Amino acid sequence: MAWADLLQPPSAATFLSLLALLEAVLPGQRVSGVELADGTRIIYKCNGLLSLVVLLALLGAAVPPTVLADRGPELFSTTLTLCVLLSIVLCLTGYASKSPSSSLKCQSSGNALHDWWFGLQLNPQFLTIDIKFFWIKAGMISWLLINFSIASKQIEQAGFLTLPMALYQVFCTIYVLDFLWYEEYMTSTWDIIAEKFGFMLIFGDMVWIPFTFSIQGWWLLHNNAEITRMAAFLNALVFLAGYAIFRGANKQKHEFKKNPKAPIWGKPPVLIGGKLLVSGYWGIARHCNYLGDLLLALSFSLPCGTSSIVPYFYPIYLFILLVWRERRDEARCRAKYKAVWEEYCKAVPWRIFPRIY
Ligand code: NDP
């Protein structure tokens, strides 16, 4: 068998099996997740960055770097098929689960389509792997691999990377590497603590993220974009501002959850009801982390210029998603924290954009 066959359909299954194997065998920090409704905590293994390095070494030695750029449509269809199959299997095993007190707590909505779309299981496990935690990482790594392949394709075609392509690649690569570096922080995010693992998340992580977040790269491969040095500089500023807010806000919240006395910007944290952080970014807007992410998304598209709206798909989509998500999170927090949440809303009236929304 040629190694190149690894990326032939059904490539997604092979890629995921290889990544899962690396996750299982490579060493990694063990992190305790947030307390679940039944009082238990899941122990997550964080070795995404190491898995990526080994995966890149294996693939780099074995397959042409342009293979993903050359096989986009096949990859898309096999990955989609895999997601449909996984979501059906998890839905059926969710119905079959007979342990309502465990972390696999499954409550049917009474509507099979709803159960399949939103999922039944909060933390499905397979052997030693938490499937949801793994799946998000795998989606981010897939996005990076597709980007690398697109860059290789441009080098093959043009002999060099254009400035817009280089900017897009550098920004996205930093974003994904940062995500893996701070993998532990994912354990306190909404997807992990509150969202069940249904088709919506399965598809979102493994098809939507790699195939739509890379639209700018595909677009730059097939279109000419010119960017001045000043525009590139401003673009880099948008990226840096987004990164500082995004990472800063997520870091503050995660460290607060681990140690509620950890200083924020050099001062003791200010809390509401002893539970909610009201200092740092969390005192500027209730979801400053979303603002940072939106600026980052914009910075990934700006290298493409303004001749087409197509490369702006990601920031537009993310804007809609995060506004909707903020509303859903708000409802969850209001139900959970009750009067404390109302007090927080009075102290910090802005949802995402300070002084605007
Ligand atoms: P958050 O990380 O913002 O987590 C929300 C939770 O944080 C709440 O449910 C609540 O949980 C807790 N919380 C809220 N306010 C406070 C406060 N003031 N003090 C302490 N705890 C608080 O949500 P997400 O998981 O949605 O986002 C994580 C990151 O992922 C964001 O940066 C987002 O932009 C990014 N993201 C990116 C997407 C993409 O497609 N690029 C998609 C979705 C998210 P608790 O019950 O624990 O208190």
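Since this is a predicted model, take the numbers as computed values, not measurements. Counting convention: from 1, in listed order, for ligands and their atoms alike.
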List every atom of ligand 1 that sits less than 4.0 Å from any heavy atom of Leu321, numbering the atoms from 1 in the order shown and giving each element. 42 (C)
Which residue and heavy atom of the protein sit nearest atom 48 (O) of ligand 1, plus the separation: Tyr337 OH, 2.3 Å
Would a line drawn from the ring center of Trp208 to the ring center of Tyr317 be shorter than 6.0 Å? yes
Atoms of ligand 1 close to Trp190 [distance to a heavy atom under 4.0 angstrom, numbered from 1]: 9 (O), 23 (O), 24 (P), 25 (O), 26 (O)
Under 4.5 Å between side-chain heavy atoms, chaining through other members, with only Ile, Leu, Val, Met, Phe, Trp and Tyr counted: pull out the rest of the cluster around Val53, sorted by chain and number. none
Under 4.0 Å to a heavy atom of Tyr317 - the qualifying atoms of ligand 1, by number: 40 (O)
Pick whichever of Ile245, Ile193, Asn250 has a heavy atom sitting closest to atom 32 (O) of ligand 1. Asn250
Find all atoms of ligand 1 within a distance of less than 4.0 Å from any non-hydrogen atom belonging to Asp329, and give their numbers and elements. 5 (C), 6 (C), 8 (C), 9 (O)
Phe246 ring center within less than 6.0 Å of Tyr290 ring center: no
Could you tell me whether the side chain of Asp130 and the main chain of Gln125 form a donor-acceptor pair under 3.5 Å? no
Atoms in ligand 1 with a heavy atom of Tyr314 nearer than 4.0 Å: 41 (N)
Which residue holds the protein heavy atom closest to atom 31 (C) of ligand 1, what is that atom called, and what is the gap in Å? Asn289 ND2, 3.6 Å
Filtering Asp293, Leu294, Val340 for the heavy atom nearest atom 33 (C) of ligand 1 leaves Asp293
Taking distance alone, with N or O pairs closer than 3.5 Å, would you say Lys275 contacts ligand 1? no
Can I get a per-line list of side-chain donor-acceptor pairs under 3.5 Å for residues 299-307, giving both atom names and the distance, sequence neighbours left out?
| unit_1 | atom_1 | unit_2 | atom_2 | d |
| --- | --- | --- | --- | --- |
| Ser299 | OG | Leu296 | O | 2.7 |
| Ser301 | OG | Gln216 | NE2 | 3.4 |
| Ser301 | OG | Pro311 | O | 2.7 |

Can you find a non-hydrogen atom of Glu326 under 4.0 Å from ligand 1? no
Any atoms of ligand 1 less than 4.0 Å from a non-hydrogen atom of Tyr344? List them with their elements. 18 (N)
Show which atoms of ligand 1 fall inside a sub-4.0 Å distance from at least one heavy-atom site of Phe246. 32 (O)
Tell me if the CH2 atom of Trp181 is crowded by more than 12 foreign heavy atoms within 6.0 Å. no
